[in-house]
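These values consider heavy atoms only, across backbone and side chains, with no hydrogens, waters or symmetry-generated copies. First the proteins, then the strands, lettered A, B, ... as listed; each starts at 1.
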There are 2 protein chains.
Amino acid sequence: MEDVARLAGVSLKSVSRVVNREPHVSDALRAKVEAAITTLAFVPDAAARSLAGSRTFIVGLLFDNPSPNYTIKIQSGVYRACMEQQYHLRIDSIDSDRPHAQVEAQLDAIVRNSRCDGFILTPPLTDNIQVLAFLERRSIRYARIAPNSELGRSACVAIDDSAAGALVARRLWALGHRRLGVVTGPPLHRAGERRRTGFLNALKELGATLPVAEANGSFAFEGGIAAGTALLAHEPRPSAIFATNDDSAAGVMVACARAGLRVPHDISLCGFDDSWVAKSVWPYLTTIYQPIEEMGYAAASLLLDRGETGDRQLMLDFHLVERDSLAPPPDHPA
Amino acid sequence: MEDVARLAGVSLKSVSRVVNREPHVSDALRAKVEAAITTLAFVPDAAARSLAGSRTFIVGLLFDNPSPNYTIKIQSGVYRACMEQQYHLRIDSIDSDRPHAQVEAQLDAIVRNSRCDGFILTPPLTDNIQVLAFLERRSIRYARIAPNSELGRSACVAIDDSAAGALVARRLWALGHRRLGVVTGPPLHRAGERRRTGFLNALKELGATLPVAEANGSFAFEGGIAAGTALLAHEPRPSAIFATNDDSAAGVMVACARAGLRVPHDISLCGFDDSWVAKSVWPYLTTIYQPIEEMGYAAASLLLDRGETGDRQLMLDFHLVERDSLAPPPDHPA
DNA sequence: CGCAGTCTTGACAGCGCTGACTGTTTGATT
DNA sequence: AATCAAACAGTCAGCGCTGTCAAGACTGCG
């Protein structure tokens with residue numbers, strides 16, 4: 001930095017101001033400094049910056065998610081935002097199934113260790129009240145991805161899971177399906193819960209009379225197999241199943257294959273996420289696309305936005321990706 | 001740290017020595033300091049440590065991998081090792097398909113920015129000579145995962161891909177398969193190349209006469225569909241296909257389904273990696289298990305091992321995971 | 001024209017540690 | 001008992017920045 005200051009003929013502090021985009025810097029000075037920075041290919045030292053200043057230039061991504069596909073997409077979005085803002089990314093995984101004291105201890109260790117400027121929470125951490133309270137007690141900024149409740153409590157990014165569930169319901173209904181099944185996610189995963197209730201409520205509005213069969217798939221492939229098997233044994237057997245994430249939908253597909261049922265001829269299946277799995281099964285899975293990578297990006301941007309125009313909420317778009325796993329029910333051809 | 005020193009009644013430097021496990025510290029002093037550290041829940045400040053010292057306590061994970069499953073497993077292994085050694089993990093992705101000048105520019109930015117103590121390279125970066133040369137020029141430590149050549153050049157972790165390929169060949173041969181096909185990976189992915197040659201050579205030794213059909217699957221699901229389709233059109237049609245990674249094997253499975261061929265009744269299929277996909281297809285994929293998470297862990301451990309007993313090579317075990325995608329050929333029942 | 005207020009720049013201490021060095025004790029050896 | 005090396009403990013500068021404060025250069029206004 002000294003070299004830059006010398007070359008530009010200004011003080012160290014002025015270089016610092018330019019680097020940090022502080023106000024009250026004349027255009028002439030800024031230009032000089034920026035030129036010097038470019039010719040010397042100067043990169044500020046992160047360690048010194050965080051030691052001297054109040055920021056650490058690190059954002060932490062906290063996750064506790066069973067799905068690697070989801071995780072990696074979020075991660076890449078967050079990473080992209082961090083790079084743009086010259087921040088670094090630290091990743092930690094939390095096992096929030098344990099008693100809260102343990103979770104808090106782990107959180108405490110992470111916070112003390114990494115001194116992140118802020119954290120990004122992914123589901124199901126997003127709705128863990130105790131985690132939120134912990135962070136707030138320490139007045140640590142955080143942004144949440146896909147929260148279910150208290151949207152105003154922090155910056156957060158989400159899609160309208162309930163509306164998406166309803167969309168699936170309407171589509172299935174329009175195809176003629178009347179006997180429906182749902183594969184739910186982990187009980188603590190509130191976004192999954194919203195998908196389910198959105199689906200159920202829409203069905204009710206549509207005038208559905210038969211009760212909807214439900215089984216827990218834990219958002220995992222193996223769980224999906226079990227849930228699918230259970231649903232197929234249900235009387236009357238559903239003619240269409242909505243799995244609230246793709247991983248479990250893939251499991252349901254296996255259950256169907258085992259039961260000798262062809263998708264979509266004998267049974268229709270709709271997933272959620274449009275993750276990589278949706279196109280690694282045959283037939284390709286019709287599913288709800290949610291912009292996961294974008295959500296990561298948006299969450300990090302919100303977190304890092306120094307503008308601080310109050311904590312903001314972002315609703316991102318979703319849509320139904322029609323592929324090959326939906327058809328009219330066999331007993332009710334279109 | 002000052003508080004710790006005061007409480008223990010020693011100098012700052014002594015605390016530093018204990019924290020860094022430096023030699024020449026008496027047991028009594030160490031005990032006192034450790035007690036003080038515990039009661040005060042002292043955590044050294046990473047920024048100050050790296051500013052003052054020569055280490056940054058950060059290891060960088062560089063990847064350029066099409067497979068999220070692979071990536072996330074490596075990452076979690078590396079992460080585990082880092083935690084154990086009180087290191088932090090930084091992740092960067094590199095697009096090594098671009099001209100080398102660009103790759104080098106990106107690398108340079110990463111190196112300058114993060115000042116990592118060392119890097120872990122995953123395939124195909126592992127065998128990118130120019131990347132290795134770059135790192136060496138800067139005398140930056142690195143460890144490689146699954147390198148194909150110059151094993152002695154750095155610390156590295158691998159499995160014997162060639163032997164694994166041979167294992168698949170022998171298994172398929174033993175089942176009675178004589179018309180074989182291979183789905184290859186990206187040409188630059190040398191580990192994939194070894195799997196292929198190991199497979200081919202073993203077949204030759206076994207006395208195979210028919211040429212083996214080959215098609216490139218780019219280690220991706222879509223690529224696997226294309227490669228599978230090509231292979232199935234081949235005359236004579238293979239009775240067994242070896243896909244050199246699971247993602248492309250899943251693609252081949254789709255190609256089979258489209259062609260109306262049942263796995264394993266009509267055609268056998270073997271994957272490689274035992275990734276998450278292997279159990280998200282139906283039937284479950286028989287595949288080679290490679291300890292990916294372990295490889296990440298081992299690579300990081302090697303990198304961080306201050307013991308410096310010379311650069312070391314680690315060969316990890318692999319084995320065939322028999323699931324449901326292998327059977328004797330239809331025209332040659334067991 | 002003078003004065004308060006604002007914008008722009010610089011001087012300097014110090015963030016929390018470690019590396020290099022100095023001093024002091026211990027134990028082994030002659 | 002004298003000598004010396006090895007083991008142990010401490011002092012202090014300074015890593016590369018940023019926050020604080022203050023000074024100088026303007027501006028507008030009565």
Side-chain angles (χ1 to χ4, degrees), chain A residues 1-37 40-58 85-88 111-117 304 306, chain B residues 1-37 40-58 85-88 109 111-117 304 306 308:
Chain A
M1 194 161 99
E2 223 172 303
D3 300 336
V4 174
R6 204 172 321 126
L7 180 59
V10 300
S11 73
L12 282 175
K13 181 63 207 182
S14 292
V15 177
S16 168
R17 281 200 188 88
V18 171
V19 168
N20 291 294
R21 291 183 183 69
E22 285 175 33
H24 309 314
V25 178
S26 70
D27 292 344
L29 189 141
R30 183 191 315 282
K32 271 192 300 185
V33 173
E34 275 170 354
I37 287 177
L40 294 176
F42 166 74
V43 179
D45 183 282
R49 293 225 280 180
S50 65
L51 183 57
S54 50
R55 291 180 296 165
T56 59
F57 298 93
I58 296 171
Q85 315 234 9
Q86 305 263 44
Y87 267 68
H88 292 300
V111 167
R112 296 179 58 90
N113 242 296
S114 59
R115 294 174 165 72
C116 291
D117 286 345
L304 296 180
R306 310 264 291 167
Chain B
M1 195 161 98
E2 221 172 306
D3 300 336
V4 175
R6 202 172 322 123
L7 180 59
V10 300
S11 72
L12 280 175
K13 182 64 210 183
S14 292
V15 177
S16 169
R17 272 198 271 263
V18 171
V19 168
N20 292 293
R21 291 183 183 73
E22 285 175 30
H24 309 314
V25 179
S26 70
D27 291 344
L29 188 141
R30 184 191 315 282
K32 271 192 299 186
V33 173
E34 276 170 354
I37 287 176
L40 294 175
F42 166 74
V43 179
D45 182 283
R49 290 227 281 182
S50 64
L51 183 57
S54 49
R55 292 180 294 165
T56 60
F57 297 93
I58 296 171
Q85 314 235 9
Q86 305 264 42
Y87 267 69
H88 292 299
V111 167
R112 296 179 58 91
N113 242 294
S114 60
R115 293 175 166 73
C116 291
D117 285 346
L304 296 180
R306 311 262 290 163
E308 289 266 14

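Within the nucleic acid shown, B:Phe42 comes within 4.0 Å of sugar-phosphate atoms alone, with no base atom in reach, counting heavy atoms only. Among the heavy atoms of the strands, none lies under 4.0 Å from A:Val15. Using a 4.0 Å heavy-atom criterion, one finds that A:Pro23 contacts no nucleic acid atom at all.
Between B:Ser50 and D:dC15 there is no side-chain polar atom (N or O) within less than 4.0 angstrom of OP1 or OP2. Residue B:Ser16 has a polar side-chain atom (N or O) positioned under 4.0 Å from OP1 or OP2 of C:dT18. Close to C:dG10, at under 4.0 Å from its OP1 or OP2, lies a side-chain N or O of A:Ser14. For the OP1/OP2 pair of C:dT18 and a distance below 4.0 Å, the side-chain nitrogens and oxygens of B:Arg49 include at least one atom meeting the criterion. A sub-4.0 Å separation between OP1 or OP2 of C:dT9 and a side-chain N or O of A:Ser26 is present.
Here the side chain of A:Arg112 pairs a donor or acceptor atom with the backbone of B:Ala41 at under 3.5 angstrom. Distance alone, capped at 3.5 Å, is enough to place a donor-acceptor pair between the A:Thr56 side chain and the A:Arg115 backbone.
Atom CG in B:Leu12 sits roughly 11 Å away from atom C1' in D:dC12 (whole-Å rounding). Between B:His24 atom NE2 and C:dT25 atom P the separation is 18 Å, expressed in whole Å. Atom pair B:Met1:CE and C:dG19:C1' shows a separation of 12 Å (rounding to whole Å applied). Straight-line distance from the CG atom of B:Asp27 to the P atom of D:dA7: 14 Å, rounded to whole Å. Rounded to an integer number of Å, the gap from B:Leu29 CG to C:dT25 P is 15 Å. The distance from atom CD of A:Gln86 to atom C1' of D:dC17 is 15 Å, rounded to the nearest whole Å. Nucleotide D:dC12 holds its P atom 14 Å from the CD atom of B:Glu2, rounded to whole Å. Between the CG atom of B:Asp45 and the P atom of D:dG16 there is a distance of 17 Å, rounded to whole Å.
In the set C:dG10, D:dG10, D:dG16, D:dG16 carries the atom at the smallest distance from any side-chain atom of A:Ala48. Of the candidates C:dC17, D:dG19, C:dG16, the closest approach to any side-chain atom of A:Leu51 belongs to C:dG16. Listed candidates were C:dG19, C:dC15, C:dG10. Nearest to the side chain of A:Ser11 is C:dG10. Considering only side-chain atoms of B:Glu22, the nucleotide from C:dG19, C:dC17, C:dG10 that sits closest is C:dG19. Checked against D:dG16, D:dT20, D:dA9, the side chain of A:Lys13 finds its nearest nucleotide in D:dT20.
If you check distances only, the side chain of B:Arg17 does reach the base of D:dG10 with a donor-acceptor pair under 3.5 Å.
Atom OG of A:Ser11 sits about 6.5 Å away from atom CZ of A:Arg17, to the nearest 0.5 Å. Here the CG atom belonging to B:Leu12 is positioned 9.5 Å from the CZ atom belonging to B:Arg6, to the nearest 0.5 angstrom. Here the straight-line distance linking atom OG of A:Ser14 with atom CD of A:Glu22 works out to 10.0 Å at 0.5 Å rounding. With rounding to the nearest 0.5 Å, the separation of CD1 in B:Ile37 from CZ in B:Arg30 is 10.5 Å.
Place A:Val19 and B:Gly9 on DNA chain D by their nearest nucleotides, and B:Gly9 ends up nearer the 5' end.
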